[in-house]
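Remarks on the structure that follows.
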Amino acid sequence: MFCAASCNCVRNTSPPVVWPGLFCLEEHMSGLRVRFAPSPTGYLHIGGARTALFNYLLARKEGGTFVLRIEDTDVERSTQESVDAILQAMEWLGLSYDEGPLYQSERFGLYKEKVDQLLESGQAYRCYCSQEELDAKREQAMKEGGKPRYDGTCRDRTDQPDLPYVVRFKSPQEGATSFDDRIKGTISFNNDELDDLIIQRTDGTPTYNFVVVIDDAEMGINLVIRGDDHINNTPRQIPIYQALGYQVPEFAHVPMILGSDKKRLSKRHGATSVMAYREMGYLPEAMVNYLVRLGWSFGDEEIFSMADLIEKFSLDNVGRSAGVFNPDKLLWLNEHYIKTGDPARLAVLVAEILEGLDVDISGGPDLTDVVQTLQDRAKTLVEMAEGARFYFEAPQSYDEKAAAKFLTEDKREVLELTVKKLSELSSSSLEEVEIAFKNVMEESGLKFGKIGPSVRVALVGGTVSPSIYEVVAVLGKDEVLARLQKALASLG
RNA sequence: GCGCUCAUCGUCUAGCCUGGUCUAGGACACCGGCCUUUCACGCCGGCGACGGGGGUUCGAAUCCCCCUGGGCGUACCA
């Protein structure tokens, strides 16, 4: 067995087996416990994926534990489809977790207990103010230039009228709350900025800022890595940890991802769903590599495999400023991984796309060979599939312009010669094909430029394809001959 | 409005903590060239930034202050 942190502590088994998520205890097990806690109100988006990735990487690097928790306290907006979509996306990216998924909706009993505990100890209270009253107060405060925070009307109320109520946490009103963020440094808030936040709604369900504390504490999370849109929540959560007698974890707030207009990344900036990129023909390693480099760096290096990252990732190299999502660079990375990827693996992926395109690949050339001719010229798997199409479907017609230029009567002679030379081939290896074409050139006295383009149009239907030699070799003698004959028949 | 936060090429960033080695490095994109049977790949080259103003210092991208600009938050969403 082999330590997944790719250290030198090879367990003495042969062959070595890498077991994701399994580490040699002595060297790598640490008490680090991190988590990813998405709320299932949609697909896994770029930002969430990066947060998950950072958590995953740190856990793997330190030999810690990565926990997945589903934040579905908002019963209205949470759906099972979203949960599935998120799980699927994480799997695609290769982000395995050690514990979970844990559902907050299944822990309401626990939260209720904690609410009661705070109510009893006087650290929380029932608030009977209606939504309308609150809205009015907020508006009023804003108008007077004040802070739109709850004014504490019910804070010291002692009666318990038979009215709907929410439970509010008694936030400290004096002093300051501060914490040392692992990424941003010391952050401090004056407590008079805090108002008494609602921890339990009228319908009895708990709210985010409350459950997140309980869960992180109960699950033993000691480092919370999350988006920096949560920085403002942190000083509200810390007093809750304290009120409940929990130890406050460390925090690491990672900067947000913005769109090209520097606004928070959203649908109008294009695809933001991780899985949408899979559909567009992106490789997961390209997505992981892109995501990690957005906000993190390691000298001048650009290319990182997951194993590299587990070895090299560190919160120390995470930047403090927000980053703009740049699809061009993602594309470049995808191109890179297609170029350097294992053709057999790529073939499996391309086969799926081809199937979706209703292209029947049975009886055609070996897809792995096909992929190899396309690796240097495709930026996405979808592009590759489209480029592979002609290998399996003989051209039904020829591109008009191309035919007018390259499939003319005066090409008959050389095309017939090509057919002759090719048909004499014993195999269609690349070497043999090259020799055949050389012979054609010699006998006809023509340069390749006078022959190749015509052959290309005959074989693929247009003027764009991999090298002619490769195409002929991969397509195979019989199919090439058939297509050439067909083109010959169309001449004139 | 208030609070928090951020600030190096168009974009991602190195450098900043421990001032001089920075006429600021790399990558994407873009432009030009080479290679070439098409399209690509590849290779070579180019364009291009320390937001502004004050300090401190012999010397500041690096330290301090102010300004400006951006982001986030300000929900019975998470």
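Proteins get letters first, then strands, A, B, ... in listed order; numbering begins at 1 in each. Note: hydrogens, waters and symmetry copies are ignored here, and every other heavy atom, side chains too, is used. As the structure is a computational prediction, the values presented were derived from the model and not from experiment.
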* To do: May I ask you to say what A:P38 touches in the nucleic acid, namely base, sugar-phosphate or nothing, with a heavy-atom cut-off under 4.0 Å?
  => nothing
* Asked: Just checking A:R77: base, sugar-phosphate only, or nothing, at a heavy-atom cut-off of under 4.0 Å?
  -> base
* Asked: Checking all strands, does A:K263 fall into the base, sugar-phosphate, or nothing category for heavy-atom contacts under 4.0 angstrom?
  -> sugar-phosphate
* Asked: Applying side-chain hydrogen bond (donor to acceptor under 3.5 Å, both in side chains), which residue pairs with at least one partner in residues 322-334 of chain A are found, sequence neighbours left out?
  -> A:E302-A:K329
* Pairwise ring pair (Phe, Tyr, Trp, His ring centres under 6.0 Å) hits with a residue in residues 429-469 of chain A, at least two apart -> A:F437-A:F448, A:F437-A:Y469, A:F448-A:Y469
Table please: side-chain donor-acceptor pairs of residues 369-378 of chain A below 3.5 Å, with sequence neighbours left out.
unit_1	atom_1	unit_2	atom_2	d
A:T373	OG1	A:V370	O	2.7
A:T373	OG1	A:Y391	OH	2.8
A:Q375	NE2	A:I338	O	2.9
A:Q375	NE2	A:G341	O	2.8
A:R377	NH1	A:T373	O	3.4

* Structure fact -> Sorted by chain and number, sequence neighbours left out, ring pair (Phe, Tyr, Trp, His ring centres under 6.0 Å) with A:F390 holds for none
* To do: Between B:C50 and B:C63, how far apart are the C1' atoms? Round to whole Å, please.
  => 15 Å
* To do: For A:T73, answer base if it contacts any base atom (sugar-phosphate contacts may also be present), sugar-phosphate if it contacts only those atoms, and nothing otherwise; contact means non-hydrogen atoms under 4.0 Å.
  => sugar-phosphate
* Footprint string (nucleotides 40-47 of chain B, 5' to 3'): B base within contact, S backbone only, - free, heavy atoms under 4.0 Å -> BSS-----
Enumerate all atom pairs, one protein N or O and one N or O from nucleotides 63-65 of chain B, separated by less than 3.5 Å.
none

* To do: Keeping to residues at least two apart or across chains, list the side-chain hydrogen bond (donor to acceptor under 3.5 Å, both in side chains) pairs with something in residues 448-460 of chain A.
  => A:R456-A:S465
* To do: Quote, to the nearest angstrom, the P distance that separates B:A24 from B:G69.
  => 30 Å
* Where at least one partner belongs to residues 166-179 of chain A, residue pairs that pass salt bridge (charged side-chain N to carboxylate O under 4.0 Å, His left out), sequence neighbours excluded -> none
* Structure fact -> Taking a pair to mean Watson-Crick or G-U wobble geometry with both distances below 3.5 Å, B:U21 pairs with none
* Structure fact -> Residues at least two apart in sequence or cross-chain that pass ring pair (Phe, Tyr, Trp, His ring centres under 6.0 Å) with A:H336, listed by chain then number, are none
Just the atom pairs and distances: protein N or O near nucleotides 49-52 of chain B's N or O, under 3.5 Å.
none

* Nearest atoms (heavy-atom pairs only) where A:L417 meets A:E443 -> CD1-OE1, 3.6 Å
* Structure fact -> 5' to 3', nucleotides 4-18 of chain B under a 4.0 Å protein heavy-atom cut-off (B base, S sugar-phosphate only, - none) gives SSSS---SBSS----
* Asked: Looking for any heavy atom pair under 4.0 Å, which part of the strands does A:C129 touch: base, sugar-phosphate only, or nothing?
  -> base
Interface polar pairs with nucleotides 30-35 of chain B, N/O, under 3.5 angstrom:
none

* Contact class for A:N233 vs. all strands (heavy atom < 4.0 Å): base, sugar-phosphate, or nothing? -> base
* Asked: Is the shortest distance from a Lys or Arg side-chain nitrogen in A:R345 or A:E285 to a carboxylate oxygen in the other one below 4.0 Å?
  -> yes
* To do: Classify the side chain of A:T202 and the base of B:C76 as holding, or not holding, a donor-acceptor pair under 3.5 Å.
  => yes
* Structure fact -> Classified by glycosidic angle (syn within 90° of 0, else anti), B:C34 comes out anti
